[in-house]
Amino acid sequence: MNNALEEDRLLGWMIRHPFFATQILTQPVRRRSRASSGEPASPLSDSLRETISLIEQSAAESQAINAIQYHIEQKLLRAPYLASEPYMRLRLRSAGQWLTRMNGGETRPSGGLENGTLADILLLMHRSGVMQLTIALKLPDRITVDQYREMSFGSSEIVTASRVSEPVIRAVYGRRSERHLEGEWEDEQKEGVRWRLVVHESPATVSDLSALYQKAIARTIKSAPSGDWLCYPATFIDKVACCDSEESFKSAHDRELKNAIARVTDVSMIRSDVVSSLIPEDCSLTKSSSWYCNMSSSLEVMWPGSRAGQFARHLHRLVILESALLQYWQIRLLDRRVGVTNGSIRQVREIQREAIFGLREYRDSSISYGDAMTLVERLLVEWRADRLYGHVLESIDQLQQLVVAAESKKSATRANVLAGIALIVAIFLGLPAIDETLDIAKKVKFDGILGIPLKPFHVLASRGEKGTWVGYLAFLASVIVCLLGLTLRRGRLRARSRHREPGISWPLTMTVEHQDDTRGS
């Protein structure tokens, strides 16, 4: 934006900046007052009714976002999908944030704690193991596009101070690490807990707040965080105060709008063929707004003449983005799970069972509206979820081959065990058979070359029972020798394959000398 526009036509944009999406519905408890039942009121009952009313109001306000999301999901998502209860939503304790910019785009003075904003923290936990954390906060009013672009990334250093509740801090650091924490505890308790105010020496990021809550959640549910996550900014501009219509705004601020959508410093510095790929098409169905979504962020602008401040509309958009993110992360989680398997049959079967439900949700979208489903499919294409899907299917086929090989190995082992048992039985029952063999050999006359093999049997048969026992021991010794020979040969093959180093050994020795020519200078 040029200097004249900065002075005369600042963009009066009210911006909400969530970094994901979530919900659970809690109905406030309604109690019948004594006055409505015809019983006489008393000072104590009036005080009790006021307390109950305050509790109901607090519960309703804290779960208002969840109730709105619940209402949106009933219309947007398929009934069978919701009936299966695929996820759980919770609203966590909010956190105070003081941003580097104040209303009007002014830079916050060092140590200034005026005009802070409250970040709503929402959590969604899916049955597949995917967790989504939403941090919804309001950016300053009347900021320029350049100032917005500086604040539009999860890694943007825009937080000068933070206020976090004690339960979150205790979940992350425990009770014995208080001396290592930054900031100080505030004297006044709010919402029944203490709060710690931290003024950052250098500005922090929204991702830092997300990482803090991720650790708190992981330690609370006693689960190790994977460290693999994605920050997806979704920005909603409720009011454009500098122009009278969408046409006049795009005519005067076309470059600024493209900068905001692509989150770049200046699109004029980028090749024209690349700009077209950075700017997605407007996927809004109404003329009152424009909604631009790509693989890295989402931006919705409410044009002059439309109703502003529709927070339920923001949540509706987030539910759609949330559905796309859930499908993508389920495929990504399956792909990672398949890649780290140790080959055990039990783990392979668990992965196959997870893949059945995860791939079914990916193939059959949970969204019931066609336009929203089209947007989800487009985002999945940009995230290359189809490649992950194909890789997961191929890996599952390979795992199935692993299962078949393991079953074949089990069958072979079972057959070997049965053969061994049969051999043992034959050994123990071989004494009578040898006696009968010697009796037959004694009766056979041997002449010529054909009779030579019968000579040992005739010798043993001539010695009676002693010869039978010698023959049995000779048979047993030959069986043991054969078994030892097979066992030793198999052991040598395993040792050779286990200790064989990868690659090809090089029979020569090479010496590399490096001469430093700078020593003489």
Side-chain angles (χ1 to χ4, degrees), residues 14-24 61-66 68-69 87-101 115-126 130-140 143 148-165 167-169 171-172 191 195-198 200 203-220 225 227-238 263 296-300 311-322 324-326 329:
M14 292 178 58
I15 300 175
R16 288 185 179 272
H17 196 170
F19 282 79
F20 276 146
T22 66
Q23 150 235 297
I24 195 174
E61 290 177 354
S62 64
Q63 298 299 332
I65 296 178
N66 298 144
I68 296 173
Q69 287 179 313
Y87 52 76
M88 178 182 66
R89 294 186 183 271
L90 295 172
R91 183 178 182 184
L92 308 182
R93 292 187 184 274
S94 303
Q97 300 282 278
W98 284 264
L99 306 181
T100 53
R101 297 285 181 179
N115 301 325
T117 184
L118 192 66
D120 292 321
I121 314 295
L122 308 173
L123 173 65
L124 180 146
M125 302 186 71
H126 196 269
V130 178
M131 181 184 75
Q132 288 189 348
L133 192 65
T134 302
I135 301 179
L137 55 87
K138 183 179 179 297
L139 294 184
I143 60 176
Y148 158 71
R149 185 194 59 78
E150 295 173 355
M151 309 173 74
S152 62
F153 296 89
S155 58
S156 300
E157 297 179 348
I158 60 174
V159 182
T160 61
S162 304
R163 177 189 285 127
V164 184
S165 63
V168 175
I169 295 176
V172 177
E191 301 179 10
W195 295 76
R196 194 173 187 89
L197 178 63
V198 180
H200 305 291
T205 67
V206 177
S207 296
D208 294 333
L209 181 65
S210 175
L212 180 68
Y213 274 81
Q214 288 179 35
K215 292 179 181 178
I217 295 169
R219 297 194 178 185
T220 300
D228 192 10
W229 58 280
L230 169 68
C231 180
Y232 188 86
T235 306
F236 303 94
I237 301 173
D238 289 339
R263 298 188 298 168
S296 59
S297 64
S298 170
L299 173 67
E300 184 178 33
F311 188 62
R313 183 187 182 94
H314 304 165
L315 295 177
H316 181 275
R317 300 294 194 243
L318 288 178
V319 170
I320 298 176
L321 297 175
E322 175 185 86
L325 287 167
L326 279 175
W329 275 99

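- Summarising the geometry, atom CD belonging to Q97 is positioned 8.0 Å from atom CD1 belonging to I158; distances are rounded to the nearest 0.5 Å.
- Y213 pairs in a side chain to side chain contact (heavy atoms under 4.5 Å, CB included) with only one of the listed residues (V168, I135, V172), which is V168.
- Put simply, NZ on K215 and CD1 on I169 are 13.0 Å apart, with the number rounded to the nearest 0.5 Å.
- Judged as a salt bridge (Lys or Arg N to Asp or Glu O under 4.0 Å), and not counting sequence neighbours, the contacts of E300 are R313, R317.
- Taken to the nearest 0.5 Å, the CD atom of E150 stands 8.0 Å off from the OG1 atom of T100.
- In terms of heavy atoms, I121 sits closest to S94 at CG1-CA, 4.2 Å.
- Annotation for L99 and K138: closest pair CD1-O, 4.2 Å, computed over non-hydrogen atoms.
- Closest approach of S297 to Y232, counting heavy atoms only: O-OH, 3.0 Å.
- The CD atom of Q132 lies 9.5 Å from the CG atom of L230; values are rounded to the nearest 0.5 Å.
- The line from CH2 of W329 to NE2 of H126 is 14.5 Å long, rounded to the nearest 0.5 Å.
- Without hydrogens or angle criteria, R91 side chain to I65 main chain gives no donor-acceptor distance under 3.5 Å.
- Here the closest non-hydrogen pair linking S156 and S152 is OG-N, 3.9 Å.
- Judged purely by atom type and a 3.5 angstrom limit, T235 has no side-chain atom pairing as donor or acceptor with the backbone of L299.
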